[in-house]
Amino acid sequence: EAQVTQNPRYLITVTGKKLTVTCSQNMNHEYMSWYRQDPGLGLRQIYYSMNVEVTDKGDVPEGYKVSRKEKRNFPLILESPSPNQTSLYFCASRHRDGYTFGSGTRLTVV
Amino acid sequence: GIQVEQSPPDLILQEGANSTLRCNFSDSVNNLQWFHQNPWGQLINLFYIPSGTKQNGRLSATTVATERYSLLYISSSQTTDSGVYFCAVKYGQNFVFGPGTRLSVLP
């Protein structure tokens, strides 16, 4: 079964403590992306990757990093999280029939 | 960039009623999907429908790409249909979401 797996599902952290949200897909898709969802602002793209070692900024990349060392994994890195990065995060991969999203990671930065 | 609008923003139904949700987009697209975000926040893919009509049980969708809109039909609604329904379109390397329609189905 096609799957996009994110971990963790929930995370509470403190300002400035580096964290990584992992994302993996088992479908050999080339394209992967990260989104954040905020009340009143909807879902916005953070970063995307067209293939291994190819990444690019989306609409709201500030404060985030990504890497794509292998096709199946696309981690989202917050080097120094701040409270305005409290949000619901989604990873997605793209295929012939559209996009598949992970279950989401609810991040709270205090 | 492309604009994606959805209507109505909120909808309250009695269980068993039918409804139609609309998605308008401002430019040509070659990928449109409908999602249901359940109360736990998960985005469930309902339809990949860049054009034409598809049906899946009580749900069906129609996209008229030349007129830049898509419709999602929910028949015989159930309380488990509650949540937010999003349409999203591929535009360049972005996947742009509409603001959603919040559906509440009352028992």
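Here is how names work: the chains are called A, B, and so on, in the same order as the sequence lines, proteins then strands, and each is numbered from 1.
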Hey, any chance [X] and [Y] share a hydrophobic cluster, counting ILVMFWY side chains that come within less than 4.5 Å of each other, even indirectly?
| X | Y | result |
| --- | --- | --- |
| A:L76 | A:Y35 | no |
| B:V105 | B:L46 | yes |
| B:Y91 | A:Y47 | no |
| B:W34 | B:F97 | no |
| A:Y31 | A:F90 | yes |

**Asked** In terms of heavy-atom proximity below 4.5 Å to chain B, should A:S33 be classed as side chain, backbone, both, or neither?
**Response**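 No part of A:S33 comes within 4.5 Å of chain B.
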**Asked** When only heavy atoms count and the cut-off is under 4.5 Å, which of residues 49-70 of chain A reach chain B?
**Response**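 Only A:M50, A:D59 of residues 49-70 of chain A have a heavy atom under 4.5 Å from chain B.
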**Message:** Checking an interface table here. Which of residues 36-45 of chain A come within a heavy-atom distance under 4.5 Å of chain B?
**Reply:**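 Residues of residues 36-45 of chain A touching chain B at under 4.5 Å: A:Q37, A:L43, A:Q45.
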**CD1/B:I12: more than 12 non-hydrogen atoms of other groups inside 6.0 Å** =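 No, CD1 of B:I12 has 12 or fewer neighbouring heavy atoms, counting only those of other groups under 6.0 Å.
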**Asked** Going from OG on A:S103 to CG on B:N38, what distance comes out if it is rounded to the nearest 0.5 angstrom?
**Response**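 Spacing of OG (A:S103) from CG (B:N38) equals 9.0 Å.
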**Asked** Do the two ring centres, one from A:F101 and one from B:F35, sit under 6.0 Å apart?
**Response**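 Aromatic pair counts; centres sit under 6.0 Å.
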**Message:** At under 4.5 Å between heavy atoms, what parts of residues 66-88 of chain B are in contact with chain A? List them by residue number.
**Reply:**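 The residues closer than 4.5 Å to chain A, in numerical order, are B:F86.
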**Item:** Contacts with chain A made by residues 19-27 of chain B (heavy-atom distance under 4.5 Å), listed by residue number
**Value:**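 Against chain A, none of the residues of residues 19-27 of chain B fall inside the cut-off of heavy atoms under 4.5 Å.
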**Heavy-atom pair of closest approach, residues A:R9 and B:W40** =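 Heavy atoms of A:R9 and B:W40 come nearest at NH2-O, 4.2 Å.
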**Prompt:** What are the two closest non-hydrogen atoms of A:R94 and B:G92, and how far apart are they?
**Reply:**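 Reported closest heavy-atom pair: NH1-O, 4.4 Å.
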**Asked** Is it the side chain or the backbone of B:N31 that comes within 4.5 Å of chain A heavy atoms, both, or neither?
**Response**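 Just its side chain gets close to chain A.
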**Item:** Intermediate values then yes/no, side-chain contact (heavy atoms from CB on, under 4.5 Å), A:Y48 and B:F95
**Value:** CA-CA 10 Å; A:Y48 65 92; B:F95 197 46; over 6 Å; no
**Request:** Could you please spell out the steps behind the side-chain contact (heavy atoms from CB on, under 4.5 Å) verdict for B:Q37 and A:L88?
**Result:** CA-CA 12 Å; B:Q37 188 166 38; A:L88 177 58; 3.9 Å; yes
**Message:** Run A:Y99 and B:L43 through side-chain contact (heavy atoms from CB on, under 4.5 Å) and show every step you take.
**Reply:** CA-CA 11 Å; A:Y99 289 70; B:L43 281 169; over 6 Å; no
